[in-house]
Amino acid sequence: MSFFAGKKVIALGDRDGIPGPAIEEVIKASGGEIVFSATECFV
Amino acid sequence: MNAVIKKVAYTLTHAPDCLVHGGTTQTTERIVAPDSEYLQKLPNHLQKYEDVVNYAPNQTYIGGMTPSDLHDVAEPWYKNPVQKQRFAKFGEIMPQQELYALIDICDSFELVLLEEGFSAGLRIAMQSHPIIGKRDDILGRLKKGFEIAQIEDLVKNHGAEGLYQDHKLIGCVKKAHNIDENLSSHIILENLISKATAVLSVLHLMDNCDIALDEIQMIIDCSEEAVGDMNQRGGGNLAKSVAEIVGFTSATGSDIRAFCAAPTHSLITAASMVKAGTYKHVVVAAGGSVAKLGMNGKDHVKKDMPALEDVIGGFAVLISENDGVSPEILNEAIGWHSVGSGSAPQKVTEALVSTPLEKLGLKIIDVDKFSAEMQNPDVTKPAGAGDVPDANFKMIGALAVMRGEMARTDIPDFLKKHGMPGFAPTQGHIPSGVPFLGFAREQIMAGDITRAMIIGKGSLFLGRMTNLFDGASFVVQKNSGATSSSGVSEEQVRSLIAESLRDFAKGLLAE
């Protein structure tokens, strides 16, 4: 079973790293539930 | 014929008091925690003008040293100053006092008031400026000074935004409307400073330029300020207001806004306009952002560093018809992040880097230098944002490995050979790809490199209209050597007709 299966996840992405929507896809594919996702720009 | 990069200019303006009074990190802190430790400590972390001039990344930005020279300076760079001058080959680092003179010059609605003694000193300073001092039309816009009592009253009782030098009130910007918040004194100040710093960069661009001021037909402003009123917020055309001050009497203008990706979109647009024959000479320019001054100041103060985000950036690029010499922008190999590209880093890098290169039959490793998000790591690393250019170069290198162009173990060499240290201030659109364009032009013309790729990215999600972000790229390459003189000139037509008539006459005589 995946580490994220059945877990609620808050995803904070970085535009110049891994953006929020990309993290969402991974979490969903791993059976996790995204409760909040955002991408931030730190520059 | 492809358009060329004819000339490039970069400027910085030191603005420590604007940082304290106008940067959003500080203005929001004054609202939520007016007695905070940060606000109390910040004044002790402001840099002197000399520190800013001798700061290696700033010097690299204005061309006083190369990215390669910067690589040789030990980090953190703020602890290892270089001995340099205010002016360098791409522009200058202007002191804050003269920025105030420039906003007075750029003010067309008598909204800027400077204290009379301060104003008189500025007039003398501007007269000795090597570019502005030669322009009576610009110097003539400097207004007469005002009594400090009047300025104090406007700031205290009438919603004016104070202008400070060494923490002392020396002027103000009045609000331009009683109710409209789009014309508030703070917004007017932000817009005037964006305009003034764009003007400064364009003046450097046109100084000693082969192309005359009245030959410029179009200017595109790609900064991040929204100019307008309550009925057309962001109505724009800051570009034409810059053209007016600089003296582009034959030019029109318009703005392109796309967050930090706007400069790249604007340069692609300008190159396309010139290639299409719409205009012969297009200037792309941007001034800087007051809001972003001291953006990471809390982390810098917490780590007992100087508040490094104390300069307002600007740049200007002249895109011209092909002269057979200057580096070309290759319209046939533009990269863009489409709506359907997705946000996975691999997909983003493919869209911006490998897809356009495939159109040229080139590999990633065929590009000598990449310039993507050139934020200064001295600023970003202590704030936890990492080394942004390095992260982007690693992503490009990783894609080259995935495509079988090189081994994974080659990535460190790839970063050194095809990347460079970040040297631009964290002014949003300013670091986004364009800071290397001046060096790219020089290095291509010197034969040191053949081509470079400029990449800009924009955080569209910050405007809350979409979750998407954006990106665009273009390749700058050595000129193919051909010129843009396509077709036959009027003189050549006359000569051909005369020759035909002569032949015809000879034929008649022979008969």
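These values consider heavy atoms only, across backbone and side chains, with no hydrogens, waters or symmetry-generated copies. Everything numeric in this text was worked out from a predicted model, so none of it was measured. Letters A, B, ... mirror the listed sequences (proteins, then strands); counts begin at 1.
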### Task
Check whether more than 12 heavy atoms from other residues, nucleotides or ligands sit under 6.0 Å from atom CG of B:D390, and answer yes or no.
yes

### Query
Are the side chains of B:W336 and B:H265 in touch, meaning some heavy atoms are under 4.5 Å apart?
no

### Query
Do B:N376 and B:Y61 get their side chains close enough for a donor-acceptor pair, meaning under 3.5 Å?
no

### Message
Is B:S343 in contact with chain A via its backbone, its side chain, both, or neither, using a 4.5 Å heavy-atom distance?
### Response
both

#### Entry: Interatomic distance, B:N392 atom CG to B:F370 atom CZ [nearest 0.5 angstrom]
11.5 Å

### Message
Using 0.5 Å steps for rounding, measure from the SG atom of B:C222 to the CZ atom of B:R257.
### Response
7.5 Å

### Task
Sort by residue number and list every member of residues 10-19 of chain A having a non-hydrogen atom under 4.5 Å from chain B.
A:R15, A:D16, A:G17, A:I18, A:P19

#### Entry: Heavy-atom side-chain contact between B:I430 and B:P425 under 4.5 Å
yes

### Task
Using a heavy-atom cutoff of under 4.5 Å, enumerate the residues of residues 26-40 of chain A that contact chain B, numbered in order, or state 'none'.
A:T39, A:E40

### Query
Near A:K8 NZ, under 6.0 Å, is it more than 12 heavy atoms from other residues, nucleotides or ligands?
no

### Query
Roughly how far apart are B:I312 CD1 and B:L293 CG, rounded to 0.5 Å?
5.0 Å

### Message
Below 30° counts as parallel, above 60° as perpendicular, anything between as tilted: where do the rings of B:F469 and B:H337 land?
### Response
parallel

### Query
Do B:T24 and B:T27 have side-chain N/O donor and acceptor atoms under 3.5 Å apart?
no

